[in-house]
Amino acid sequence: MPINASREQIGRLVLFTKVESLEDFNRIIEQAQALSLFVSAAVAVLLAVWMQRGITGPIRLLADHMKGFSMRKPNPPLKLKSKDEINELAQTFEELTDQLRKNDFDQKEFLQNASHELKTPLMAIQGNAEGILDEVIVGNEVEHSLQVIVNETQRLKKIVQDLSYLTRLETVEESFTYEFVHINRILQEAMTAIKPLAYQNQLTLEYDGDSEIQARVDVDKMKQAFLNILGNALRFASSLIEIRMWKDESQVTVEIQDDGTGFGENPGRVFDRFYTGDQSGSGIGLAITKTIVEKHHGEIYAEIHKKGGRVVITLPLLHG
Ligand SMILES: Nc1ncnc2c1ncn2[C@@H]1O[C@H](COP(=O)(O)OP(=O)(O)OP(=O)(O)O)[C@@H](O)[C@H]1O
Ligand SMILES: [Mg+2]
């Protein structure tokens, strides 16, 4: 509205335009709207196609790869070009199958070893029993054969018992009961148990340890772990078994060492199931010990010291 200096209305302003121009303007706006709608629809379709190729393609490849999985025939690992979650999924699947194959291999090896270990005493029992029945073994030899049968039966029983104990330890079935106890007393109890045998074999047991060390352990199982090592040392030592125990801030260390023949070239093997260097045992004792130590979150290793064998255990003083 036109106004004067005192802001009073002094007239009116009237604007005229042709109706066709307005209609033209409206048409242009409508056309622009239609075009943008079309362009966004096209972009959405293109995006969907691209996403489908990018995501469903690798998923389909992975699914086919999974379907083709076989325990007997290993298939080549799947290699995806992308570096996204699907690639991560494919890698996890590869790791899983590797683990599965390893477990399968371990299980078969274990069964083979176990059946071999059981077969040897069974054959000795069968041979001697048949010899007596067929009267091939006669006279004084009968008593000897019967003694072989009894010994081999006991050996068989021990293998089966140790094996089932080891299997129980490795599965959740066998629960561990941890107590906060003086672990040096458990070691001393195990030493007391073997003292008579050491005496019989003219072996000296030497102990050097901190007076009181408390740790969270399963008393019976830890004693069994120590007994297995001490039992071996008894067998192999020529005159001396030295036992040491000490602690630092976070862990306790136990060292059992003898002056015997040592472990040969590869000391780590003594913890393998059924590994026997001299065939006099069944090779399960140290596998049991290792499992017990590891269930306590500890570590165990074997080494050669001055030609003799030395087994070292470290255990955390506290664990979950
Ligand atoms: N102190 C040692 N000195 C030399 N060799 C050892 C010693 N301790 C273990 N070994 C070797 O390691 C092997 C495995 O020991 P491990 O205790 O597991 O089985 P084992 O004594 O043969 O039988 P068992 O199951 O009855 O214990 C032994 O057969 C022996 O060859
Ligand atoms: Mg043993």
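For reference, positions follow the sequence shown, starting with 1. Values below: all heavy atoms of this structure, side chains included; hydrogens, waters and symmetry mates excluded. One-based numbering, in listed order, for ligands and for the atoms of each.
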Checklist entry - Does a side-chain heavy-atom distance below 4.5 Å link Leu240 with Glu206? => result yes

Item to check | Within-4.5 Å side-chain heavy-atom neighbours: Glu294 and Lys290 | outcome: yes

Checklist entry - So which bit of Asn228 gets within less than 4.0 Å of ligand 1, heavy atoms only: side chain, backbone, both or neither? => result neither

Checklist entry - Just by distance, with hydrogens left out, do Ser239 and Asp259 show a side-chain donor and acceptor under 3.5 Å apart? => result yes

Checklist entry - Among Lys108, Gln107, Arg101, which residue meets the side chain to side chain donor-acceptor pair (under 3.5 Å) test with Asp104? => result Lys108

Checklist entry - Any N or O of Gly309 that comes nearer than 3.5 Å to an N or O of ligand 1? => result no

Item to check | Arg273 NZ/CZ over Phe110 ring centroid, <6.0 Å and within 45° of normal | outcome: yes

Checklist outcome for this item: Of all protein heavy atoms, the one nearest atom 7 (C) of ligand 1 is Phe263 CE2, 3.2 Å

Item to check | Exercise: do Gln147 and Asn151 side chains pair donor with acceptor under 3.5 Å | outcome: yes

Item to check | For atom 1 (N) of ligand 1, closest protein heavy-atom neighbour | outcome: Asp258 OD2, 2.8 Å

Checklist entry - Hey, which atoms in ligand 1 end up nearer than 4.0 Å to a heavy atom of Lys158? => result 24 (P), 25 (O), 26 (O)

Next on the checklist: Checking His65 against Glu94: is there a side-chain donor and acceptor pair closer than 3.5 Å?
Outcome noted: yes

Checklist outcome for this item: Residue, atom and distance of the protein heavy atom nearest atom 21 (O) of ligand 1 read Arg235 NH1, 2.8 Å

Checklist entry - Do Asn228 and Gln224 have side-chain atoms, one donor and one acceptor, less than 3.5 Å apart? => result yes

Item to check | N, O or S from Asn228 under 2.8 Å to the Mg ion (ligand 2) | outcome: no

Item to check | Protein heavy atom at shortest distance from atom 18 (O) of ligand 1 | outcome: Leu286 N, 2.8 Å

Checklist outcome for this item: If you compare Gly277, Gly231, Gly262 by their heavy atoms, the one closest to atom 5 (N) of ligand 1 turns out to be Gly262

Checklist entry - Between Gln91 and Glu95, does any side-chain donor sit less than 3.5 Å from a side-chain acceptor? => result no

Next on the checklist: What protein heavy atom lies closest to atom 8 (N) of ligand 1? Include the residue and the distance to one decimal.
Outcome noted: Asn232 CB, 3.3 Å

Checklist outcome for this item: ligand 1 atoms nearer than 4.0 angstrom to some heavy atom of Gly281 are 20 (P), 22 (O), 23 (O)

Item to check | Verdict with reasoning, His116 to Phe274, per ring pair (Phe, Tyr, Trp, His ring centres under 6.0 Å) | outcome: CA-CA 10 Å; His116 174 78; Phe274 300 114; 9.0 Å; no

Checklist outcome for this item: ligand 1 atoms nearer than 4.0 angstrom to some heavy atom of Thr276 are 22 (O), 29 (O), 31 (O)

Next on the checklist: Among all the protein's non-hydrogen atoms, which is closest to atom 14 (C) of ligand 1, and how far away is it?
Outcome noted: Tyr275 O, 3.1 Å

Checklist outcome for this item: atom 30 (C) of ligand 1 sits nearest the protein heavy atom Phe236 CZ, 3.5 Å

Next on the checklist: For atom 11 (C) of ligand 1, what is the closest protein heavy atom, and at what distance to 0.1 Å?
Outcome noted: Val270 CG1, 3.8 Å

Next on the checklist: Taking a cutoff of less than 4.0 Å between a non-hydrogen atom of the residue and any ligand atom, is Gly283 in contact with ligand 1?
Outcome noted: yes

